[in-house]
Amino acid sequence: MEEEVGMSIVTSMREKIRLRVIEALMRARDAKKISYRQLPEFVVEVPRDKTHGDFAANIAMLLAKEAKTSPRNIAQLIADNMQNEDGFLEKVEVAGAGFLNFFLNTSWIYEVLPKVIAEDQRYGTSAYGNGEKIQVEFVSANPTGLLHMGNARGAALGDALSSLLEAAGYDVTREFYINDAGNQIDNFGRSLEARYLQLHGQDALFPEDGYHGEDIVDTVKNIIEQVQDKYLNIDSELRREFLIQKALEEKLASIRYDLARFGVDYDVWFSEQSLHDSGIISQTLQELQEKDYIYEKEGALWFKSTIFGDEKDEVMVRSNGIPTYFAADIAYHRNKFERGFNQVINIWGADHHGHVARMKGAVTALGYNADNLQIMLMQLVRLYRDGDIVRMSKRSGQYITLSELIDEVGKDAARYFFVMRNPDSHLDFDLDLAKEESAENPVYYVQYAHARINSIIKAFTGEMPCGNEVDLSVLKEQAEVELIRKIADLPDEIIGAAISREPHRMTRYAHELASQFHSFYNSCRVLTDDQDLRNARLLLVDATRITLRNVLELLGISAPERM
RNA sequence: GUGCCCAUAGCUCAGUUGGAUAGAGCAACGGCCUUCUAAGCCGUGUGUCCGGGGUUCGAAUCCCUGUGGGCACGCCA
């Protein structure tokens, strides 16, 4: 049975209609006016076109074949047999190919506002997820450098998705996987060492594939300030070990700082090195060996990922005995499921799409359901400045950092831009455009609505009316009714965006809500002399404020009180 | 070459998972401030939904195929 508590008003209207449709059909069948065995899955949806009613159902078209009669006949039969003693339905129409259009008695929409105001910060949230544990791993950038635009997109998407899932009633853990082991760390060490020696006037050779970025030089300069030339005449391996440790500390601190500035707050920072240290990697390897998913070839150990649809098998342990990144990642994913997450979501750049099949294969091999590992791929970000594409490469150190992005564009605009687009499409980020504080920037449109509301509330000197004491049925203007309906949609919008893993739906919703408000603002005056109307509109405006603020909060965007 | 992703208005993109006459923003043009913020509102028009087949009551959406673009194909991560 559906739990009645916490269900949104829109959902309960939808369910009420669904029930009455089913009852009507059964009544018609009892009266031998129609025959069918099984009821098809049908939808009760809010039609795009307002003239098609508040809700519409497609059941007649789906039942036509089985019932051996025309969709319009079936729809008419349902309409004639609908129970409506309580006047819940204003009218029911048969339209188009056999749609049922339901026009509801408008009284239900006036329940929305008191509910929003009572729930306040909690409005929009629901218990849909039943507290199920979900982990979202995102960004997980190499700590050898600074965060770039791709990381920024991942941060905005991952954080918004996490917030959405939380609002939909899931128990969410935000996690950052720190790649502090493996080849790139060795490379990092050699790069640091070369810079350290160079900065002391020595003629050290910089590794070909090393980290050429200026930020590495700065890091080494900072270390030198602390230790001077103490590590100049010392065993190279010890020197590298020390430099790596100090540099990782600094890099990680700056990554944490930048993400915090971007409004992203992680629950867990998980070290890859800890998997090596604790022996979990070799344990996992052994388990896979026992299950016969591993074989040896040319001195290396391979995982049979081809049996899970991968293009080729993948090396787990190199011939030099060092496990690959893939081996560590498998151990990490085993660890995730062992920690009791029902679902695990990874946000990856699309350049990693080749790993999806083998990672899911590894999860299956370990005895877990691969469907519970969802990998959200996002296409890469292309950056434009002065009309030209800015080539970005971490190795060469040529890239715009998250930190610079926040300085230039601002957190709010940047986050809105990243979440606004479908992750499946390339994002052309025009820095000059995003910087512009003009109407071109959609985030201002939404924030402006919030600021306007606050300005109305400030201008009102009396006492805010109480939800239950106001007759809201005076809100009859089209702009008023449509605004209320948009407000009422929030809980279902959140659930829909959360379960489909599509945070970008929420920016659209935010924009539509703001649009509906601006339209209302221009056609209806809130602070009028008519006290009843004024009070009702004050409540409407306050509920809009709460809804807008809650959506912006989900997206990690501030809701300014004045602009 | 093989695999994955993308292709919708002049530009940037939505399109509620298969529904009714495909929508926003920007750009263009015309109107609206003595009023709670004009970073706003109202109006004007634009489509070979990349091409071609198929599935069905119904396709931008699902399947096949062709074209164009991006990405990946390492004992890197």
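Throughout, a chain's letter reflects where its sequence line sits, starting with A, and its residues are numbered from 1.
- At the heavy-atom level, His352(A) lies under 4.0 Å from base atoms of the strands shown.
- Taking atom C1' in both G23(B) and A9(B), the straight-line distance is 10 Å, to the nearest Å.
- No engagement by Lys458(A) is indicated, since no non-hydrogen atom pair under 4.0 Å with the nucleic acid exists.
- Applying the 90° criterion around 0 to the glycosidic angle, U17(B) comes out syn.
- Side-chain N/O atoms of Arg318(A) include one lying less than 4.0 angstrom from OP1 or OP2 on A77(B).
- Taking the side chain of Asn183(A) as heavy atoms from C-beta on, and the options C76(B), G40(B), U56(B), the nearest nucleotide is C76(B).
- Between the NE2 atom of His355(A) and the P atom of C73(B) there is a distance of 7 Å, given to the nearest Å.
- Comparing the C1' positions of U67(B) and G51(B) gives an interatomic distance of 7 Å, to the nearest angstrom.
- Residue Ser425(A) has a polar side-chain atom (N or O) positioned under 4.0 Å from OP1 or OP2 of A14(B).
- By the 5.5 Å and 30° criteria, His511(A) is not stacked with the base of G25(B).
- Phosphate proximity of G19(B) to Asn58(A): absent, as no side-chain N or O sits under 4.0 Å from OP1 or OP2.
- Residue contacts for Asp424(A): at a heavy-atom cut-off of 4.0 Å it reaches the sugar-phosphate backbone alone, with no base atom in range.
- Residue-to-nucleotide contacts include a donor-acceptor pair under 3.5 Å from the side chain of Ser319(A) to the base of C75(B).
- Here Phe326(A) lies out of heavy-atom contact (under 4.0 Å) with every strand.
- Between the side chain of His426(A) and the base of G69(B) there is no donor-acceptor pair of N/O atoms closer than 3.5 Å.
- Nearest to the side-chain atoms of Glu311(A) among the listed nucleotides C73(B), A20(B), G40(B) stands C73(B).
- Annotation for Arg190(A) and Arg240(A): closest pair N-CD, 3.8 Å, computed over non-hydrogen atoms.
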Output, in order, the C-alpha distance, side-chain angles, deciding distance and verdict of ring-ring contact (aromatic ring centres under 6.0 Å, His included) for Tyr293(A) and Phe308(A). CA-CA 11 Å; Tyr293(A) 286 113; Phe308(A) 300 105; 5.6 Å; yes

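- Residue Glu298(A) is in base contact, counting any heavy-atom pair closer than 4.0 Å across all strands shown.
- Residue-level contact check: Arg525(A) touches the bases, meaning some heavy atom is under 4.0 Å from a base atom.
- Side chain of Ser519(A), nearest nucleotide from A20(B), C41(B), C36(B): C41(B).
- Across every strand in view, A9(B) sits unpaired, with no contact that passes the Watson-Crick or G-U test at under 3.5 angstrom.
- Interface remark: the Asn101(A) side chain does form a donor-acceptor pair with the A20(B) base, using a distance-only criterion of under 3.5 Å.
- Using a 4.0 Å heavy-atom distance criterion, Asn422(A) is classed as a sugar-phosphate-only contact.
- Within 4.0 Å of Ala95(A), counting heavy atoms only, lies at least one base atom of the nucleic acid.
- Contacts of Arg562(A) with the nucleic acid, taken as non-hydrogen atoms under 4.0 Å apart, include base atoms.
- Within the nucleic acid shown, Ala56(A) comes within 4.0 Å of at least one base atom, counting heavy atoms only.
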